[in-house]
Amino acid sequence: MVLDPPLARPLLGRLVVIGIGLIGSSILRAAGARSLAGTLVAYDAAEAVRARVGELGIADEVAATPAEAVADADIVILCVPVGAMGAAAEAIAPHLKPGAIVSDVGSVKGAVFTALRAHLPEGVHIIPGHPVAGTEYSGPDAGFATLFRNRWSILTPPEDADPDAVARLTGLWTAMGANVETMSVEHHDLVLAITSHVPHLIAYNIVGTAADLEEVTQSEVIKYSAGGFRDFTRIAASDPTMWRDVFLNNREAVLEVLGRFTEDLIALQRAIRWAEGDKLFELFTRTRAIRRSIIEIGQETAAPDFGRERG
Ligand SMILES: NC(=O)C1=CN([C@@H]2O[C@H](COP(=O)(O)OP(=O)(O)OC[C@H]3O[C@@H](n4cnc5c(N)ncnc54)[C@H](O)[C@@H]3O)[C@@H](O)[C@H]2O)C=CC1
Ligand SMILES: O=C(O)C(=O)Cc1ccc(O)cc1
């Protein structure tokens, strides 16, 4: 999968990325490959990450401080764990120019918007975002330029957001290959609880249960696991800090979805106990159709191919 060719003229002057892990480094690579910004600036709180970004050569400037990074920035994208968004916003707040756009890529939107609004000054456009694209890997080496291609990037601008600022940010994501959708923070957090957060929790749980069973029974649960369990182990290898923060910051929606999930699981348990084969067959037929319709519209994640798609 390839990106479109570089632009003849950049979309903006200084694009600043704070937090250069999987997502931050993918933004730098995508924006760099297509010459989307006059100057690409990177900052990370970890000195080792800053040094690695310098070695990788994926930014024009690696700033030593948040202040240096965001001086004269046109767009700043915070790519730190959800629980660190407030601290990252606080560190850049006094150094932003009026009219700058501050966005983020956090997997939760309500708590992040609250944290950004608490720290950022009037006159700065706050437009939260979330590219619904990723892998189970972390760090600056894990990113790749095509990560966002043909994937959704959700923006959750507040109702009074400046339409021009939203359009500029939309243009940046579109140029990185993403399809942009806007929605409210509440809607985002409920939808993502169902499609991403609870599925990750289920994966963490099933892998943990299997590991515990292995210890208890001395059986070889993990060794002889078939394909389905292997898929769960990929998801359960996702970054612990990131996912701890997701669950702590989207509690309400996750608990609501988990309540419903638990009810449905108990209904399945009953169907198995009472040998209600029709119930099982009906559900499995419905879910198979859902998977097939996802593939038809080209939205399946094709996760095992991520490594091969890096560019
Ligand atoms: N990993 C994934 O698949 C996806 C992650 N996201 C979101 O993107 C964000 C970043 O995730 P990843 O790139 O996977 O994380 P990562 O763990 O690969 O990178 C995070 C980076 O942020 C830095 N950092 C932490 N606190 C900081 C601070 N206060 N100031 C500056 N740098 C700081 C860390 O040193 C680290 O280099 C998270 O909010 C996550 O919810 C969104 C879509 C997909
Ligand atoms: O690796 C996977 O399958 C993912 O689900 C990646 C992912 C993780 C977190 C997000 O907020 C969005 C995408």
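These numbers come from the heavy atoms of this one structure, side chains and all, not from hydrogens, waters or symmetry mates. Just follow the structure's listing: the first ligand is 1, and inside any ligand the first atom is 1. Residue numbers count from 1 along this sequence.
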Considering only heavy atoms, which of [options] lies nearest to [atom]?
atom: atom 3 (O) of ligand 1; options: Gly134, Ala48, Gly86; value: Gly134
atom: atom 12 (P) of ligand 1; options: Leu192, Leu22, Val82, Val17; value: Leu22
atom: atom 25 (C) of ligand 1; options: Gly129, Pro81, Gly19; value: Pro81

Quick check on Glu276: does its CD atom have over 12 non-hydrogen neighbours (other residues, nucleotides or ligands) under 6.0 Å away?
yes

Counting each atom of ligand 2 from 1 as listed, which ones have a heavy atom of [X] under 4.0 Å away?
X: Arg234; answer: 1 (O), 2 (C), 3 (O)
X: Met242; answer: 9 (C)
X: His130; answer: 10 (C), 11 (O), 12 (C)
X: Ile235; answer: 3 (O)

How far is [atom] from the closest protein heavy atom, and which atom is that?
atom: atom 10 (C) of ligand 1; answer: Cys79 O, 3.3 Å
atom: atom 23 (C) of ligand 1; answer: Asp44 OD2, 3.3 Å
atom: atom 42 (C) of ligand 1; answer: Val105 O, 3.2 Å
atom: atom 40 (C) of ligand 1; answer: Ser107 OG, 3.6 Å
atom: atom 26 (N) of ligand 1; answer: Ala84 CB, 3.7 Å
atom: atom 32 (N) of ligand 1; answer: Ala45 N, 3.1 Å
atom: atom 16 (P) of ligand 1; answer: Gly21 CA, 3.8 Å
atom: atom 43 (C) of ligand 1; answer: Pro131 O, 3.3 Å

Heavy-atom distance under 4.5 Å between the side chains of [X] and [Y], does that happen here?
X: Ser103; Y: Leu78; value: no
X: Met183; Y: Lys109; value: no
X: Val70; Y: Ile18; value: yes
X: Arg151; Y: Asn179; value: no
X: Gln269; Y: Ile272; value: no

Ring pair (Phe, Tyr, Trp, His ring centres under 6.0 Å) partners of His125, counting only residues at least two apart:
none

How does Trp243 reach ligand 2, by side chain, by backbone, by both or by neither, if only non-hydrogen atoms under 4.0 Å count?
side chain

Side chain, backbone, both or neither: the part of [X] lying under 4.0 Å from ligand 1 by heavy atom:
X: Ser138; answer: both
X: Val49; answer: side chain
X: Ala142; answer: neither
X: His130; answer: side chain
X: Thr135; answer: backbone

Within 4.0 Å of some non-hydrogen atom of Gly139, the atoms of ligand 1 are 18 (O)

Could you list which atoms of ligand 1 come closer than 4.0 Å to a heavy atom of Ala133?
43 (C), 44 (C)

Between the side chains of Thr287 and Arg291, does any donor sit under 3.5 Å from an acceptor?
no

Specify whether His130 and His188 have parallel, tilted or perpendicular ring planes, treating 30° as the upper limit for parallel and 60° as the lower limit for perpendicular.
perpendicular

Only one of Leu248, Val198, Val108 forms a side-chain contact (heavy atoms from CB on, under 4.5 Å) with Val254, so which one is it?
Val198

Run through Asp60, Ile77, Leu28 and flag the one making a side-chain contact (heavy atoms from CB on, under 4.5 Å) with Leu15.
Ile77

Before signing off on this row, confirm whether [X] and ligand 1 have an N or O atom pair separated by under 3.5 Å.
X: Val80; value: yes
X: Gly24; value: no
X: Ile18; value: no
X: Met85; value: no

Can you tell me which residue pairs pass the side-chain hydrogen bond (donor to acceptor under 3.5 Å, both in side chains) test with a partner in residues 38-57, sequence neighbours excluded?
Arg52-Glu55, Arg52-Asp141

Heavy atom of Trp152 under 4.0 Å from ligand 2?
no

Check if Ala91 has a non-hydrogen atom at a distance under 4.0 Å from any atom of ligand 1.
no

